[in-house]
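Owing to the predicted nature of the structure, the values given are computational and were not obtained by experimental measurement. First the proteins, then the strands, lettered A, B, ... as listed; each starts at 1.
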Amino acid sequence: MGAGHHHRLYLPGDSVVHRLPPQCKLLAVLAFAVVVVATPRERFWAFAGYAVLLLAVAVVARVPPGYVARRMAIELPFVVFAFLIPIIGMGERTTVLGLSLSVPGLWAAWNILAKATLGVIASVLLAATTEPRVILIGAQRLRLPSLLVQIAMFMLRYLDVIVDEMRRMRVARESRGFAARDFRQIPVIARSAGALFIRSYERGERVHLAMLSRGYSGQMPIIQDISASARQWSAALALPAVALAVLGLAL
Amino acid sequence: MTSVHSLEVKQLAYAYPDGTQALFGVDLSIARGERVALLGPNGAGKTTLVMHLNGILTAGHGSVAVAGTPVRKDTLKEIRQRVGLVFQDPDDQLFMPTVRDDVAFGPANAGLRGEELDRVVKDALDRVGMLEAADRPPHHLSFGQRRRVAVATVLAMAPEILVLDEPSSNLDPAARRELAEILRSLEVTVLMVTHDLPYALELCERSLILSGGVIAADGPTRELLADTELLAAHRLELPYGFAIPAV
Amino acid sequence: MTSVHSLEVKQLAYAYPDGTQALFGVDLSIARGERVALLGPNGAGKTTLVMHLNGILTAGHGSVAVAGTPVRKDTLKEIRQRVGLVFQDPDDQLFMPTVRDDVAFGPANAGLRGEELDRVVKDALDRVGMLEAADRPPHHLSFGQRRRVAVATVLAMAPEILVLDEPSSNLDPAARRELAEILRSLEVTVLMVTHDLPYALELCERSLILSGGVIAADGPTRELLADTELLAAHRLELPYGFAIPAV
Amino acid sequence: MHVPDGFFNAVTSISAGAVAAAGVAVCLRGARRELDDRTAPMAGLVAAFIFAVQMLNFPVAAGTSGHLLGGALAAILVGPYTGVLCMAVVLLVQAVFFADGGLTALGVNISIMGIVTVLVGWGIFRLVTRVTRSRGGITAAAFLAALVSVPASALVFSVLFAIGGTAPIDPMAVAAAMGGVHVLIGVGEGAITAVTVGSVLAVRPDLVYGARGLARPLILRGAEGESTTVGVPEPVVATRRLKPFLLGGVGVTLVLAGLVSFFASSSPDGLEAVAENKGFLGQASDHHFGAWALADYGEVGGIPVGVAGIIGVGLVLLIAGAVAYAARGRNKIKV
Ligand SMILES: Nc1ncnc2c1ncn2[C@@H]1O[C@H](COP(=O)(O)OP(=O)(O)OP(=O)(O)O)[C@@H](O)[C@H]1O
Ligand SMILES: Nc1ncnc2c1ncn2[C@@H]1O[C@H](COP(=O)(O)OP(=O)(O)OP(=O)(O)O)[C@@H](O)[C@H]1O
Ligand SMILES: [Mg+2]
Ligand SMILES: [Mg+2]
């Protein structure tokens with residue numbers, strides 16, 4: 001589940017976007033999200049402009065559209081919610097195709113859908129062009145407290161351990177004739193879920209001990225360092241800058 | 001029935017999802033009741049081969065058959081009841097909260113209940129000398145103790161074919177001998193992966209050498225182990241101080 | 001300096017958090033440059049003892065000193081630079097995304113960078129014959145390959161004292177011999193836990209038997225292994241076909 | 001429940017961001033004392049576990065399903081400060097790597113799903129375990145703590161929604177719907193938390209932060225087989241951390257309430273102060289919370305942005321300073 005998950009997040013490649021230092025990309029995406037969210041909802045053209053911008057990034061980075069579309073499934077629950085807003089919303093109402101809809105509700109639905117979608121696409125593009133570990137190194141360079149970065153690093157690392165333990169346990173169960181067919185097997189799964197926690201915890205603990213015995217003292221050694229040149233910064237920040245320009249035009 | 005091999009592997013090739021190909025066309029067949037050792041250097045593909053024998057990995061090419069039944073999705077249940085697999089890493093094998101539960105898991109899946117289940121579990125644990133640990137969590141045992149429990153979980157299922165991936169590693173010398181006695185006392189087909197050549201000689205009449213993903217030699221253990229050149233070509237050698245005993 | 005022991009353990013007792021007591025007062029001392037084997041049955045407490053030697057576990061009672069420095073919270077950093085520990089389970093040892101990063105972890109923590117770091121990493125991997133695997137993820141290697149990388153991670157740190165927990169298990173016979181050669185070529189103190197008595201005899205002048213959480217015997221390996229009764233009392237025995245070679 | 005971009009108005013997002021940053025800053029100090037050098041690995045492991053189980057959806061009622069939030073579980077296993085950090089990291093990773101939850105809504109998400117669940121969960125856990133410290137008692141406490149933490153979180157969400165939601169829906173309806181579903185989800189959360197804590201307690205009681213300090217004496221065996229018993233050195237048990245934590249919690253809640261309601265009346269729409277934003281952003285990155293704060297202050301949309309930001313940052317510093325001061329004082333007395 002998870003690890004497979006986070007390995008598939010990253011699409012290896014060698015585009016300009018891939019090569020940008022992570023801290024530049026992180027800040028660019030963040031600034032872009034800020035501009036998007038700050039855009040008044042009635043400026044339709046601005047949103048269209050943002051979408052074109054993201055499309056351009058995707059093309060340059062060679063991230064296939066199908067991939068982005070699949071990753072956007074994360075947004076589904078809110079899409080459903082957005083469609084509900086006009087129906088259950090309050091305020092002045094209008095009739096569309098025989099349905100009585102709330103006008104402020106329609107506006108709100110559009111606002112949430114547009115902004116959330118653009119935010120999701122931007123994040124997806126970031127994750128697709130940057131290895132998770134590298135994103136964290138970038139975050140550290142942006143002075144995210146190092147304890148948080150480390151927790152996140154260990155989290156990614158242990159996600160592998162947990163998923164690995166889950167896989168081992170599943171293989172072991174199945175090779176002894178177990179098949180999870182219906183709810184009657186739930187107790188078995190539940191009991192092994194309890195064991196899973198302790199197993200992963202203890203394996204994590206042992207791995208930690210291994211790190212300690214090789215001189216770990218609370219800081220990951222920086223085996224490769226990433227610094228960004230002014231050119232790389234300006235390349236990355238072009239995204240929010242152009243977005244800002246688009247916003248200016250739309251206003 | 002005599003013509004049906006216990007295990008029959010034909011032209012088996014397999015590559016891991018990351019692209020590493022481990023098997024390049026393995027052929028072997030083992031008759032009912034035979035005890036065969038599978039030897040070979042680290043990374044030869046022994047574990048990969050063994051994982052195909054009860055369908056944990058699915059052949060990329062070629063076929064695997066157990067007692068005449070091909071290993072396929074729809075036959076998996078039957079295959080897994082016939083083939084008992086002791087993993088190289090005991091942590092891969094043990095997953096329940098207590099040793100007793102773990103050993104009981106297989107037989108319980110096969111339908112055993114109550115007293116009979118108890119008897120089977122006790123018996124299996126007794127054989128590997130781990131009866132007192134029955135109520136401890138498996139992951140709190142020493143490595144060698146875990147390996148013993150792993151063997152017990154498979155013995156409890158009374159499989160027709162026993163496949164063991166380096167069963168003697170991490171066992172203390174007495175446990176190593178006791179395991180040999182257990183294996184000799186069972187009237188089942190045995191395929192044992194091992195780096196312990198004297199152990200192979202002691203237990204198995206016949207040996208296979210797997211090297212670089214293909215079978216490089218197949219013959220009586222005594223003859224293979226006497227062929228120093230063959231051994232050396234596959235990173236095998238008899239340990240210091242060991243001499244093949246006269247029959 | 002001659003009077004300072006490399007390792008000195010006094011009255012060491014330890015219980016695991018779940019209440020299982022594993023060590024009941026262990027005393028031992030090892031001189032600088034000695035190679036000592038630690039033998040004993042499964043569950044004797046060997047791994048538990050070894051984990052105290054670089055402060056992974058903290059003595060419940062008694063004391064541990066390395067080259068005269070007591071193992072304490074404030075000395076841990078120094079101790080861990082002196083003592084290199086190869087775990088019994090390689091999965092516990094390897095944690096970085098690639099083999100290269102994993103081997104580099106220790107030296108990088110010690111401050112090595114750039115070319116020198118590269119050279120150390122390459123050298124260590126080459127010694128265990130795993131140089132071609134440098135860019136693969138450790139958890140995608142075969143068990144024996146992982147054990148070799150585990151050994152490399154420790155060699156790369158060039159410790160003064162090398163503690164190995166069953167280093168030869170799961171190694172192919174050639175790798176087992178190569179490891180012996182590496183250990184012999186290093187001028188460091190070695191404590192090696194093993195169930196492979198011929199290997200102990202080959203490598204270590206002196207042996208200790210740990211049984212039931214206390215040291216049961218301590219003497220020249222050759223003499224201990226000749227004492228069949230002593231061995232039998234602690235589930236040890238020489239393997240079939242092995243004879244202690246004349247000097 | 002991961003809130004996406006554009007769901008709350010700017011002021012709410014900024015205020016929640018300030019609260020989240022303050023909470024995390026306080027916890028960064030506190031966590032080091034909870035687990036020493038094990039902090040990062042253990043917190044990482046718990047975060048990974050929570051992340052993994054969050055992906056297991058369980059059906060709740062007709063058509064809706066819920067998943068574990070995990071705040072109470074984290075607090076009980078690694079302590080409240082580290083618990084908040086775990087949750088913050090989980091949410092951060094979800095937002096940045098999985099696009100689950102908007103970047104500009106990170107503050108809201110951390111406040112609601114991290115700080116509130118941990119605070120409520122830990123508070124209830126401590127209250128119950130004060131009465132009983134048996135193994136059963138601890139398991140029951142874990143159940144209750146997790147059960148209550150979920151609707152509490154939903155409640156705070158509803159309040160925030162009433163104040164700063166961008167959708168014109170009757171707040172009472174939201175509260176009712178959220179509350180109903182989340183009581184049910186809470187039962188699931190309680191069950192999973194109790195089973196996990198129970199099974200950890202059975203074999204590794206030392207791992208449960210909320211239940212530390214029970215070790216038996218050791219036995220020594222001599223050469224002749226005679227045995228003597230020796231005491232175990234007292235483990236350094238961390239207890240009575242409740243007060244500073246609760247104080248911090250109360251403070252954080254006050255800020256949340258204060259800030260949000262203070263600005264709730266001013267209209268949040270329209271962009272009129274780009275320059276101001278820029279100034280603010282520059283200021284924030286010099287600030288020692290670094291990019292973290294930046295992420296939280298991300299949603300910049302209203303006139304009062306500069307003001308809100310400055311007040312927010314000021315309050316954050318005040319709280320962080322006060323709590324740090326209180327904590328330091330305690331440390332001195334102890335060591
Ligand atoms: N999960 C995996 N993903 C990718 N490659 C793998 C994986 N497991 C093993 N391999 C590779 O496949 C080859 C065969 O591995 P296998 O585990 O079958 O070897 P083995 O003969 O059992 O070795 P050993 O004696 O060390 O246990 C090796 O090159 C190994 O690196
Ligand atoms: N994590 C743990 N929790 C509780 N008990 C443990 C744990 N690990 C080991 N033990 C117990 O402590 C005792 C000593 O274990 P240890 O691992 O030191 O044995 P060992 O001598 O290394 O054995 P082996 O040769 O099998 O590796 C055993 O009885 C074992 O069951
Ligand atoms: Mg193998
Ligand atoms: Mg051991």
Side-chain angles (χ1 to χ4, degrees), chain A residues 1-2 6 9 26 29-30 33-34 36-40 71 74-75 78 85 88-91 102 104-105 108 111-112 114-116 119-120 123-124 126-127 132 135 139 142-145 147-148 150-155 157-159 162-163 190 194-195 197-198 200-201 204 208 218 247 251, chain D residues 4-7 10 24 28 31-32 37-45 47-49 51-52 55 85-86 88-90 92-93 95-100 102-104 166-170 173 195-196 198-200 203-204 207 269-271 274 277 285 289-292 294-295 298-301:
Chain A
M1 219 162 35
H6 85 249
L9 290 182
L26 257 177
V29 168
L30 199 58
V34 169
V36 168
V37 167
T39 305
R71 291 283 320 279
I74 197 94
E75 218 200 335
F78 275 95
I85 304 174
I88 57 176
M90 304 177 295
S102 137
N111 182 50
I112 289 175
K115 292 179 178 175
V120 167
S123 295
V124 167
L126 171 67
I135 295 188
L142 290 177
R143 282 184 280 162
L144 183 70
L147 186 57
L148 286 184
Q150 279 186 60
I151 294 177
M153 286 210 171
F154 280 106
M155 175 181 163
R157 153 76 203 152
Y158 288 135
L159 214 48
I162 288 178
V163 172
F197 180 77
I198 299 164
S200 333
Y201 210 121
H208 176 229
L247 177 58
L251 289 177
Chain D
D5 288 321
F7 198 80
V24 168
L28 278 170
R32 281 182 218 280
D37 70 337
R38 296 193 310 163
T39 304
M42 288 297 121
L45 190 78
F49 186 74
F51 182 86
M55 290 191 290
L85 295 186
C86 287
V89 168
V90 168
L92 180 73
V93 166
V96 175
F97 297 2
F98 295 88
D100 194 5
L103 283 178
T104 63
T166 53
I169 302 177
D170 178 16
V195 167
T196 310
S199 53
V200 175
V203 288
R204 287 295 303 271
L207 287 186
D269 273 295
L271 179 94
V274 181
N277 300 349
S285 59
F289 299 129
W292 182 253
L294 215 63
E299 182 164 84
V300 183

Enquirer: Could you grab the distance from atom CZ of F51(D) to atom CG of L159(A), nearest 0.5 Å is fine?
Expert: 6.0 Å
Enquirer: Could you tell me which non-hydrogen atom of G119(A) sits nearest to which non-hydrogen atom of D5(D), and how far apart they are?
Expert: CA-OD2, 3.4 Å
Enquirer: Looking only at heavy atoms, what is the nearest atom pair of G44(D) and F154(A), with distance?
Expert: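 G44(D) and F154(A) have their closest heavy atoms at CA-CB, 3.9 Å.
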Enquirer: Taking all non-hydrogen atoms of both residues into account, name the closest pair between A47(D) and M155(A) and its distance.
Expert: CB-SD, 3.7 Å
Enquirer: Looking only at heavy atoms, which two atoms of G6(D) and V37(A) are closest? And how far apart?
Expert: N-CG2, 4.2 Å
Enquirer: Run the side chain to side chain contact (heavy atoms under 4.5 Å, CB included) test against A152(A) and tell me which residues pass, sequence neighbours left out.
Expert: L136(A), V89(D), V93(D)
Enquirer: Using side chain to side chain contact (heavy atoms under 4.5 Å, CB included) as the criterion, list what pairs up with V29(A), not counting sequence neighbours.
Expert: A122(A), L126(A), L103(D)
Enquirer: Counting only non-hydrogen atoms closer than 4.5 Å, does A173(D) touch chain A with its backbone (N, CA, C, O), its side chain (CB onward), both, or neither?
Expert: neither
Enquirer: Any idea which heavy atoms bring R71(A) and A99(D) closest together, and the distance?
Expert: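 Nearest pair, atom of R71(A) first, then A99(D): NH2-N, 4.2 Å.
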Enquirer: Are V36(A) and T104(D) close enough that some pair of their side-chain heavy atoms sits under 4.5 Å apart?
Expert: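 A side-chain contact is absent here, since even the closest heavy-atom pair is not under 4.5 Å.
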Enquirer: Taking all non-hydrogen atoms of both residues into account, name the closest pair between L144(A) and L92(D) and its distance.
Expert: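 Taking every non-hydrogen atom into account, CD2-CD2, 3.9 Å.
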Enquirer: As an exercise, state the distance from CG of L45(D) to CD1 of I151(A), rounded to the nearest 0.5 Å.
Expert: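 If we round to the nearest 0.5 Å, L45(D):CG and I151(A):CD1 are 11.5 Å apart.
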